[in-house]
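Each remark here refers to the structure printed beneath this line.
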Amino acid sequence: MTDIQLNSLYQQLILEHYRKPRNRGVLEDRTVEVHMRNPACGDEIRLQLKIEDGVIRDLRFLGEGCSISQASTSMMTTILKDRSLEEAIALTRRFTQMMHGDRAAARDRALKDLRALKGVAKFPIRVKCALLGFDALQEAVRQTRSERGGTASAEAGG
């Protein structure tokens with residue numbers, strides 16, 4: 001497969017997640033909710049997770065913005081269900097490495113569909129869009145670890 005064909009497939013995958021986002025909606029029995037905004041471009045994500053015993057049992061998101069921020073968050077949510085908080089943070093680290101041009105990270109199959117976003121690294125202004133859902137995830141994990149129970153909620157700006 002040529003690079004042009006591969007890039008076309010990646011673009012199609014990004015648009016598919018943008019047009020038909022996975023795990024979009026409200027999670028009624030959430031244990032943590034984080035709202036993140038990127039004031040530079042207007043993208044926003046409201047990430048809701050149900051975390052039990054250090055494991056993400058379910059998650060949903062609501063948001064508006066560009067195809068990159070929305071597709072990235074959709075892709076992220078498909079990977080994280082039934083994953084530990086440690087696995088979530090490891091995924092965040094690896095994806096962030098890819099967004100900053102790490103070629104080994106871009107080949108890491110653990111990133112699954114997120115690898116389609118590797119080309120975003122060439123556009124520094126768009127990297128923040130791709131990381132918005134991950135920023136919300138990191139904040140949700142931080143809150144969960146500090147609260148140790150109860151429902152946590154935050155409004156955060158990016």
Side-chain angles (χ1 to χ4, degrees), residues 1-25 27 32 34-51 54-145 156-158:
M1 185 175 290
T2 68
D3 283 346
I4 293 171
Q5 290 171 317
L6 192 57
N7 286 337
S8 177
L9 283 175
Y10 283 163
Q11 289 173 353
Q12 289 174 20
L13 183 59
I14 292 166
L15 287 175
E16 170 68 18
H17 273 273
Y18 175 65
R19 292 179 181 143
K20 296 179 185 171
R22 288 22 164 221
N23 301 303
R24 184 178 194 88
L27 183 61
V32 63
V34 175
H35 181 223
M36 286 279 176
R37 298 173 70 212
N38 181 351
C41 66
D43 290 351
E44 57 183 295
I45 296 291
R46 184 172 303 274
L47 184 65
Q48 303 168 335
L49 298 99
K50 179 180 181 179
I51 300 172
V55 175
I56 300 169
R57 296 296 178 198
D58 204 358
L59 66 166
R60 298 278 185 280
F61 81 98
L62 296 169
E64 297 200 14
C66 70
S67 60
I68 294 170
S69 70
Q70 302 303 299
S72 173
T73 304
S74 173
M75 292 172 185
M76 176 189 79
T77 65
T78 64
I79 299 172
L80 291 177
K81 191 171 181 179
D82 293 324
R83 299 288 182 119
S84 71
L85 296 179
E86 290 74 23
E87 289 173 306
I89 292 301
L91 179 73
T92 299
R93 263 190 237 112
R94 197 63 169 157
F95 183 71
T96 301
Q97 290 168 344
M98 184 179 79
M99 286 296 97
H100 292 291
D102 184 314
R103 290 183 179 172
R107 290 187 302 271
D108 189 340
R109 292 184 184 270
L111 291 176
K112 299 185 180 193
D113 285 355
L114 287 164
R115 292 171 47 204
L117 293 160
K118 72 179 181 180
V120 173
K122 297 174 188 168
F123 306 97
I125 197 150
R126 302 308 301 265
V127 168
K128 192 162 183 133
C129 300
L131 291 173
L132 188 61
F134 286 91
D135 291 342
L137 174 63
Q138 286 183 84
E139 177 60 20
V141 170
R142 187 197 64 74
Q143 287 181 30
T144 298
R145 288 179 171 165

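The pair R145-E86 meets the salt-bridge criterion, since a charged nitrogen lies less than 4.0 angstrom from a carboxylate oxygen. Between R22 and E16, at least one side-chain N (NZ, or NE/NH1/NH2) sits under 4.0 Å from a carboxylate O, which counts as a salt bridge. The pair D82-R57 meets the salt-bridge criterion, with a side-chain N (NZ, NE, NH1 or NH2) lying under 4.0 Å from an Asp/Glu carboxylate O.
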Task: I68/F123 under side-chain contact (heavy atoms from CB on, under 4.5 Å): CA gap, chis, key distance, verdict - done: CA-CA 12 Å; I68 294 170; F123 306 97; over 6 Å; no
- [ ] With side-chain hydrogen bond (donor to acceptor under 3.5 Å, both in side chains) as the test, would you mind laying out the steps for E139 and Q143 before giving the verdict?
- [x] CA-CA 6 Å; E139 177 60 20; Q143 287 181 30; 3.1 Å; yes
Task: Stepwise side-chain contact (heavy atoms from CB on, under 4.5 Å) test for L91 and R83 - done: CA-CA 10 Å; L91 179 73; R83 299 288 182 119; over 6 Å; no
Open item on the list: Show, in sequence, the C-alpha distance, side-chain angles and deciding distance for D108 and M98, and conclude whether the side-chain contact (heavy atoms from CB on, under 4.5 Å) test is met.
Closed with: CA-CA 9 Å; D108 189 340; M98 184 179 79; over 6 Å; no
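Expressed to the nearest 0.5 Å, how far NZ of K128 lies from CE of M99 amounts to 15.0 Å. Taking NE2 of H35 as the start and CD of Q48 as the end, the distance is 11.0 Å to the nearest 0.5 Å. Residue M75 holds its CE atom at 6.5 Å from CG of L114, rounded to the nearest 0.5 Å. Separating the OG1 atom in T92 from the CG atom in L85 is a distance of 10.5 Å, to the nearest 0.5 Å. Between the OG atom of S67 and the CD1 atom of I14 there is a distance of 7.0 Å, given to the nearest 0.5 Å. Summarising the geometry, atom CG belonging to D102 is positioned 11.0 Å from atom OG1 belonging to T96; distances are rounded to the nearest 0.5 Å.
Annotation: side chain of C66 is not in contact with side chain of C41 (no heavy-atom distance under 4.5 Å). Side chains of Q138 and I89 form a contact here, defined as non-hydrogen atoms less than 4.5 Å apart. Side-chain contact check for E87 versus I56: every heavy-atom pair is 4.5 Å or farther apart. Using a 4.5 Å cut-off on side-chain heavy atoms (C-beta onward), L137 and L59 make no contact.
Nearest heavy-atom pair across F61 and P21 is CZ-CB, 3.8 Å. Across all their heavy atoms, A116 and L13 have their closest contact at CB-CD2, 3.8 Å. In this structure, L27 and L49 approach most closely via the heavy-atom pair CD2-C, 3.8 Å. Between L111 and F95, the shortest heavy-atom contact is CD2-N, 3.9 Å.
Residue N23 forms a side-chain hydrogen bond (donor to acceptor under 3.5 Å, both in side chains) with just one option from T78, D58, T73, T77, and that option is T77.
Counting only distance, with no hydrogens or angles, the side chain of R109 and the backbone of R107 share no donor-acceptor pair below 3.5 Å. For S74 (side chain) and Q70 (main-chain N/O), no donor-acceptor pair under 3.5 Å exists by modelled atom type. The backbone N or O of G63 lies less than 3.5 Å from a partner atom in the side chain of R24, making a donor-acceptor pair. At distances below 3.5 Å, not a single donor-acceptor pair connects side-chain atoms of Q97 with backbone N or O atoms of A105.
Within 6.0 Å of atom CZ in R103, 12 or fewer heavy atoms from other residues, nucleotides or ligands are found, so the atom counts as exposed in its surroundings.
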